[in-house]
2 protein chains.
Amino acid sequence: MAAQQLTKNQSLVLDALHHADGPLSAYTILDKLRDHGFRAPLQVYRALDKLLEFGLIHRLESMNSFVACAHPDHQHHHDHGVTAFAICEDCGQVTEMHDEAMEERLTVLAGKQHFKTEKTTIEIRGHCQNCTAE
Amino acid sequence: MAAQQLTKNQSLVLDALHHADGPLSAYTILDKLRDHGFRAPLQVYRALDKLLEFGLIHRLESMNSFVACAHPDHQHHHDHGVTAFAICEDCGQVTEMHDEAMEERLTVLAGKQHFKTEKTTIEIRGHCQNCTAE
DNA sequence: ATCAATTGCGTTATGCTATAACGTGTGGCA
DNA sequence: TGCCACACGTTATAGCATAACGCAATTGAT
């Protein structure tokens, strides 16, 4: 239900991320969209902010870049819980992972500290199967 | 056994982090050390790189800043496994957490994807007990 | 002892990431 | 009609990080 109400800029940025084969930085997106009229970083960042808010994309903190959400069911995009990312340092591929047990474990950990969780970032850097095969 | 062999710059940066009551950005460290002769970002970044390598400090990816490692036993600093950070968005306090079960869970997750883990980042943003009490 | 390799250091310059601040246009709605 | 919220465009600036150069000190093998 979110896809229809995206603005032109938001759609362009989302498409760029969907067509990419890995995470993109804001400035890389900007370059890809210059032909579509993009001139300034803010045009990208504003779109990214909204897309993050809608849950349609993710931000990878450890590399200052963004990926389209792999989750196909955009109906309940807002509640697919904690996401862990496996990021291959060779090919750049990103795999999105969800795990109840881990989520549970994090809840317990935070609880021990009486910490109120707002957002959780889990990023695993390493080498994917293909690139390990060498 | 690492502390003795630190260079002057490395010691200064580590001290700055130890005396801080929260994470510091590289440029904040630079400002704190101007009186000690620091003039350029690279002086800070080079020290930070080494301290990270020695396991004496951590980098918080989600806020581009650095904290001294809370682990007291620097003897085996290199193998205290995965660390999760609880970062309070109100007061900036950072709590370091270690959990076997979660580590195990992440190993399983990575294993499923045949992913070879090099480094794992876990950062929980939210509000600490003090700041939640409000 | 000497040469080569390594490591840390200082400096200048540059590149990448992100946001502030201002003004415009548009659509909804009381 | 007038107000409000929101997306947009533009310029400027702030914040984070590294490239590339040259020098000095240390180590360690010959």
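Bear in mind the structure is a predicted one, so any value in this text is a computation, not a measurement. Labels below follow one simple rule: chain letters A, B, ... track the order of the sequence lines, proteins then strands, and each chain is numbered from 1.
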(message) Just to be sure I understand the geometry, which residues of residues 29-37 of chain A put a non-hydrogen atom under 4.0 Å away from DNA chain D?
(response) none
(message) Can you list everything that forms a side-chain hydrogen bond (donor to acceptor under 3.5 Å, both in side chains) with K32(A)? Sequence neighbours excluded, please.
(response) none
(request) Determine which pairs satisfy side-chain hydrogen bond (donor to acceptor under 3.5 Å, both in side chains) with at least one residue from residues 21-30 of chain B, sequence neighbours left out, and list them in order. (result) S25(B)-T28(B)
(message) The criterion is side-chain hydrogen bond (donor to acceptor under 3.5 Å, both in side chains); which residues satisfy it with N64(A), sequence neighbours excluded?
(response) R59(A)
(message) Nearest heavy atom decides the nucleotide; on that basis, is K8(B) or Y27(B) closer to the 5' end of DNA chain C?
(response) K8(B)
(request) Sort and list the pairs that fulfil side-chain hydrogen bond (donor to acceptor under 3.5 Å, both in side chains) and have at least one residue in residues 107-116 of chain A, not counting sequence neighbours. (result) K116(A)-E118(A)
(request) Name all residues meeting the side-chain hydrogen bond (donor to acceptor under 3.5 Å, both in side chains) criterion together with S62(A); count only those two or more places apart in sequence or in a different chain, and write none if there are none. (result) E123(A), R125(A)
(message) Over all strands shown, is R39(B) touching base, sugar-phosphate only, or nothing at heavy-atom distances under 4.0 angstrom?
(response) sugar-phosphate
(request) For the helix from dA1(C)-dT30(D) to dA30(C)-dT1(D), figure out the bend between the end axes, five pairs an end, and round to 10 degrees. (result) 20°
(message) Just by distance, no angles: are the side chains of E96(B) and H58(B) close enough, under 3.5 Å, to form a donor-acceptor pair?
(response) yes
Taking only distance into account, with no hydrogens and no angle test, what donor-acceptor pairs under 3.5 Å do side-chain atoms of residues 41-52 of chain B form with protein atoms, sequence neighbours excluded?
residue: Q43(B); atom: OE1; partner: R39(B); partner atom: N; Å: 2.6
residue: Q43(B); atom: OE1; partner: A40(B); partner atom: N; Å: 2.8
residue: K50(B); atom: NZ; partner: E53(B); partner atom: OE1; Å: 3.4

(request) Apply side-chain hydrogen bond (donor to acceptor under 3.5 Å, both in side chains) to D15(B) and list each qualifying residue two or more places apart in sequence or on a separate chain. (result) none
(request) Name the residue closer to the 5' end of DNA chain C, choosing between N64(A) and Q10(B) according to the nucleotide with the nearest heavy atom. (result) Q10(B)
(message) I'd like to check the ring pair (Phe, Tyr, Trp, His ring centres under 6.0 Å) partners of F38(A); sequence neighbours left out, ordered by chain and number.
(response) none
(request) Could you tell me from which nucleotide to which nucleotide of DNA chain C, 5' to 3', there is an atom under 4.0 Å from chain B heavy atoms? (result) dG8(C) to dT12(C)
(request) Taking heavy atoms of chain A and a 4.0 Å limit, find me the 5'-most and 3'-most nucleotide of DNA chain D within that range. (result) dA7(D) to dT11(D)
